[in-house]
Enquirer: 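Submitted below is the structure of interest, expressed as structure tokens.
Bear in mind the structure is a predicted one, so any value in this text is a computation, not a measurement.
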Amino acid sequence: MGAEFTFKFYLLYLLLVLCVDGKGGARDDSQSEGMHGEPVHVHDHPSSHMDHMDHSLLVFFTLNDLKVGRTMPIYFPMKDPSKSPRLLPREDANSIPFSYEKFPYLLQFFSFSNGSPQAIAMEDTLRACEIKPIKGEVKFCATSLESMLDFVQGILGLESRFKVVSTTYLTESSILLQNYTIREVPKEVPAPKMVACHTMPYPYAVFYCHSQETKNKVFMVSLISENGDRVEALAVCHLDTSQWSRNHVSFKVLGIEPGSSNVCHFFPEDNLVYVPMPTMSNNLINVM
């Protein structure tokens, strides 16, 4: 297909095939609509509020926070690749129904009991993948690498060359939630168009991929934690939130209304953003 990938991404697919966390968890519809982040600032909330807040929401911020020396609490999930489901080849993925209508059959197929954590996670993923996209959004749940690349090329252009950017943990750490400080001026990644792909809980790897007509900004942010852990973090800022659901959790956490502010969020290591490449680069290889 002529797509270009960074060498790092090629190795990730050979070793892990970039997969989802098998534990899985329920997602409400407000989170599924657009799959955007939910900013939060620890220093802006009473401790009692933070004690009851889901730590997984602590990955979010606004453009005003994106400055050298800014410190914020960030949750970076660590996953064991050996325990993560793999992306299936297209032929295998297409042989298994991927539809909420087929949920009873899928329970039997994967030997999950109804109401089990695995069944609930699978049901939530199927529902999220079938929710109508918001205005100006195109979405697709990819069940194979081939289908994901087809979707990306459909958005970025059939003849386009593109690369993948993602978060990199430069040090190993067992601490999931820490205060991180921005070390350097964030580097904006040129992204006239972009496709974001988020891992979803499922028996095999599923990516929720989507693209919006509204303007977004993509950044690589160099972070260091209070314990010395270093992360090169991928962040996306959505500049127009006017079409988002009023029930979107980001608005509840930030205390804002749809369209009143931009919303940014950091990506975990196994989530991806595809951006077009204007020119050939020597450090990229063709894997197709």
Enquirer: Please verify the inter-ring angle class for H265 with F267; under 30° counts as parallel, over 60° as perpendicular, anything in between as tilted.
Expert: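 Geometry flag for F267 against H265: parallel rings.
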Enquirer: Fit a plane to each ring of F151 and F140, take the angle between them on a 0 to 90° scale, and name the class: parallel (under 30°), tilted (30 to 60°) or perpendicular (over 60°).
Expert: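 Rings of F151 and F140: parallel, under 30°.
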Enquirer: In sequence, state the C-alpha distance, the side-chain angles, and the governing distance for E123 and Y100, and then conclude on side-chain hydrogen bond (donor to acceptor under 3.5 Å, both in side chains).
Expert: CA-CA 7 Å; E123 180 180 9; Y100 180 70; 3.2 Å; yes
Enquirer: Within this structure, what is the OG1-CG distance for the pair T199 and D270, rounded to the nearest 0.5 Å?
Expert: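 T199 atom OG1 to D270 atom CG measures 4.0 Å (nearest 0.5 Å).
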Enquirer: Parallel under 30°, tilted from 30 to 60°, perpendicular over 60°: which one fits the rings of F76 and Y169?
Expert: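 Perpendicular, since the angle between the ring planes exceeds 60°.
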Enquirer: Does the salt bridge (charged side-chain N to carboxylate O under 4.0 Å, His left out) test come out yes or no for R86 and D92, once each step is laid out?
Expert: CA-CA 12 Å; R86 296 172 180 265; D92 292 344; over 6 Å; no
Enquirer: Taking it one step at a time, do T168 and E232 satisfy side-chain hydrogen bond (donor to acceptor under 3.5 Å, both in side chains)?
Expert: CA-CA 5 Å; T168 301; E232 290 297 318; over 6 Å; no
Enquirer: Considering non-hydrogen atoms only, spot the tightest contact between S144 and P89 and give its length.
Expert: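 Heavy-atom minimum between the residues: CB-C, 4.0 Å.
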Enquirer: Provide the closest heavy-atom pair for Y202 versus T125 in the form atom of the first, atom of the second, distance.
Expert: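 Shortest heavy-atom contact: CD1-CG2, 4.0 Å.
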Enquirer: On a heavy-atom basis, which atom in D240 and which in S242 lie closest, and how many Å separate them?
Expert: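 The pair with the smallest heavy-atom distance is OD1-OG, 2.7 Å.
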Enquirer: Has the side chain of S211 got a donor or acceptor atom that lies under 3.5 Å from a matching backbone atom of M194?
Expert: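 Pair found, side chain donor or acceptor close to backbone of M194.
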Enquirer: Begin with the C-alpha distance, continue with both residues' side-chain angles, and end with the deciding distance and a verdict on side-chain hydrogen bond (donor to acceptor under 3.5 Å, both in side chains) for T62 and S261.
Expert: CA-CA 8 Å; T62 67; S261 172; 5.5 Å; no
Enquirer: For C209 and C141, is the interatomic SG distance under 2.5 angstrom?
Expert: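 C209 does not pair with C141 as a disulfide (SG atoms not under 2.5 Å apart), so no.
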Enquirer: If you round to the nearest 0.5 Å, how far is CG of N64 from CG of N262?
Expert: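 Those atoms lie 7.0 Å apart.
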